[in-house]
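Read through the structure below, which is laid out as structure tokens, and then see the notes.
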Amino acid sequence: MTTDLPLTGRARPDRVPHSLPEWRALGGYQAVERALALTPLQVLDTVDAAALNGRGGAGFPAARKWRFMPAAADAVSPGPNYLIVNGDEMEPGAFKDRFLLEALPHQLIEGTIIAGFATHATEAIVLIRDDYRAAIAGLTRAIAEAEAAGLLGDNILNTGYSLHIRVHPSAGRYIVGEETALIAALEGGRAMPRKRPPFPAQSGLWGRPTTVNNVETISHVPHILAHGAQWFRALSRTEEGGTKLYGLSGRVNRPGLIEAPMGTTARELIDRAGGVSGNGRLLCFQPGGGATGFLGPEALDVPMDFGHVAKAGSMLGTGTLIVLDETACPVEVTARHMAYYARESCGWCVPCREGLPWAARILHALEEGTARREDLQALHDIAREASPRGRSFCDLMGGAMGPLASLLSRFGDLVDDHLHGGCPRRRAP
Amino acid sequence: MTLPADLETRIRHLVAHEGGPRAAMLETLRSVQAAEGWVSDERLAQVAAVLGVTPAELDGVASFYSLIFRRPVGRTVILLCDGASCGLNGADAIRDAIRDRLGIGYGQTTPDGRFTLINSACVGGCDRAPAAVVGPDRTLVGPLTPALLEELIGGAP
């Protein structure tokens, strides 16, 4: 196996998943054997020492999240702990979890077993967006194979640990990816985010202790157990452990996924994607999907990890870059994002329900050349009022403000130009 | 039309296995749609009665999710991405080509009931922009070109 590409090194180029015998021949499930020979706390400490940050967007340390989970014996009332694997990948620009789900389902199962063991979970649910039908089918098949071989289900590998995994298709809504909304979706109702505290680790699915982890986060876990925390940290160029499954789309010559050391720079990633397309000159990029602020060429050499990108004024988010060349219009890109986030707001919190459609309308008017100067003031007001965290139950609105606030601060002149007959890039011959 | 017996059996199975009637609401709607393509008012009221919830509560769930259709859709649903990465690679031209070829815009169905076009960002196919997911198996297609679009339209039921 390619140890510098632990996450994707075994995947087939055509994304056809491995059968269980094929996976085992590649060393599959050895990490599970190793983990289940330890105590849950030892597994947790190993992942902690590996500095695995959550890959869903926020970058919260996975082990710290796990540590909030009570051991079954501590629970006040009987019932399971739940582990939920979040495969509701709907962030604009993100297409990494699709690959991990489609091509490497057994890797995900291994990670789920190990994470489930560390969090005292006996039930795991993998929520996958409904559009990822191949992933749903492939993972369902892989789960059945693993169960039939005694690698999953009751008394895994005769260790006494039991975990059942089921696949739950989502019915299509961006907010389902938010962890408390995801829990509401699994309970069968409208996926409205819930106020925290209580955090899911105290009261999650059906009121039970619950951990929600992203697909990529979970997929890293078996490698940490197989090769050790120090090895995992050494994969990275920074303090944040492991490799990262980056993605590039927008104006690049060869869009696609790249597994690279955490902390790889945007310059290297864009080079590996064949360089900037369009006129070949970089205007700006979003480091990690639609909800992350624009960075310019000055940030090309920033190590792309959660800490460094935050320091540079944006967020690593999903680590899937959206690249704009000089002929692309960041107003148009932001307008598309805002239309999406406005459509996807669950409508519960007023600033989000009212503010996002308002911002979307103004951005659209700017593109069309029907915006007035006072609309710009409104746009600034919305960005200022809606950006701080804590003004709504979840981070949808705050995330949506990422591109808007950076558009206004970075491209003020270009936004102004739109007042005189719409998008100058469209007017250009 | 009365509720088909197999659908009712399926719903009762879901109630037993999903943790009660409320937990089964979304899967119930998905089952109706899998059988009939969409969820009509009549079916919604019938399955709400089987679940023992009000039609309003069930419709609250149905209307929340983008992929539960409360209006009839064509045999082939085209979910065309209108997100940023697809937009940067010509998604609007594909939208216009569909309008020219099939006479439908977002949210519309062809009069012959073959196609429905829906805008959907993001479809998780940014590396294949402009991309769409098409048909009952939600097949990812892209990068879309007028030629590929023509092929798709010709091959659809």
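Residue numbers start from 1 in every chain, and the chains themselves are labelled A, B, ... in the order their sequence lines are given, proteins ahead of strands.
- Neither the backbone nor the side chain of B:L29 comes within less than 4.5 Å of any heavy atom of chain A.
- Heavy-atom distances place both the backbone and the side chain of B:D82 under 4.5 Å from chain A.
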A:R426 and A:E367: CA distance, side-chain angles, deciding distance, salt bridge (charged side-chain N to carboxylate O under 4.0 Å, His left out) verdict: CA-CA 9 Å; A:R426 271 200 234 165; A:E367 278 294 287; 3.0 Å; yes
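- Heavy-atom distances place no part of B:A129 under 4.5 Å from chain A, backbone and side chain included.
- Only the side chain of A:I175 comes within less than 4.5 Å of a heavy atom of chain B; its backbone N, CA, C and O stay farther away.
- One finds no salt bridge joining A:R129 and A:D97 here, because no Lys/Arg side-chain nitrogen approaches an Asp/Glu carboxylate oxygen to under 4.0 Å.
- Proximity to chain A is limited to the side chain of B:E27, based on heavy atoms less than 4.5 angstrom apart.
- Only the side chain of A:R343 comes within contact range of chain B, judged by heavy atoms closer than 4.5 Å.
- Between the CG atom in A:L139 and the CD1 atom in A:I165 there is a gap of 7.5 Å [rounded to 0.5 Å].
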Salt bridge (charged side-chain N to carboxylate O under 4.0 Å, His left out) between A:E216 and A:K96, worked out: CA-CA 8 Å; A:E216 185 188 345; A:K96 66 185 180 71; 2.9 Å; yes
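- Contacts of A:F99 with chain B are absent, with no heavy-atom separation under 4.5 Å from either backbone or side chain.
- Not less than 6.0 angstrom separates the ring centroid of A:F285 from the ring centroid of A:F294.
- Only the side chain of B:L140 comes within contact range of chain A, with heavy atoms under 4.5 Å apart.
- Only the backbone of B:P136 comes within contact range of chain A, with heavy atoms under 4.5 Å apart.
- Counting heavy-atom pairs closer than 4.5 Å to chain A, the top residue among B:L58, B:N119, B:V133 is B:N119.
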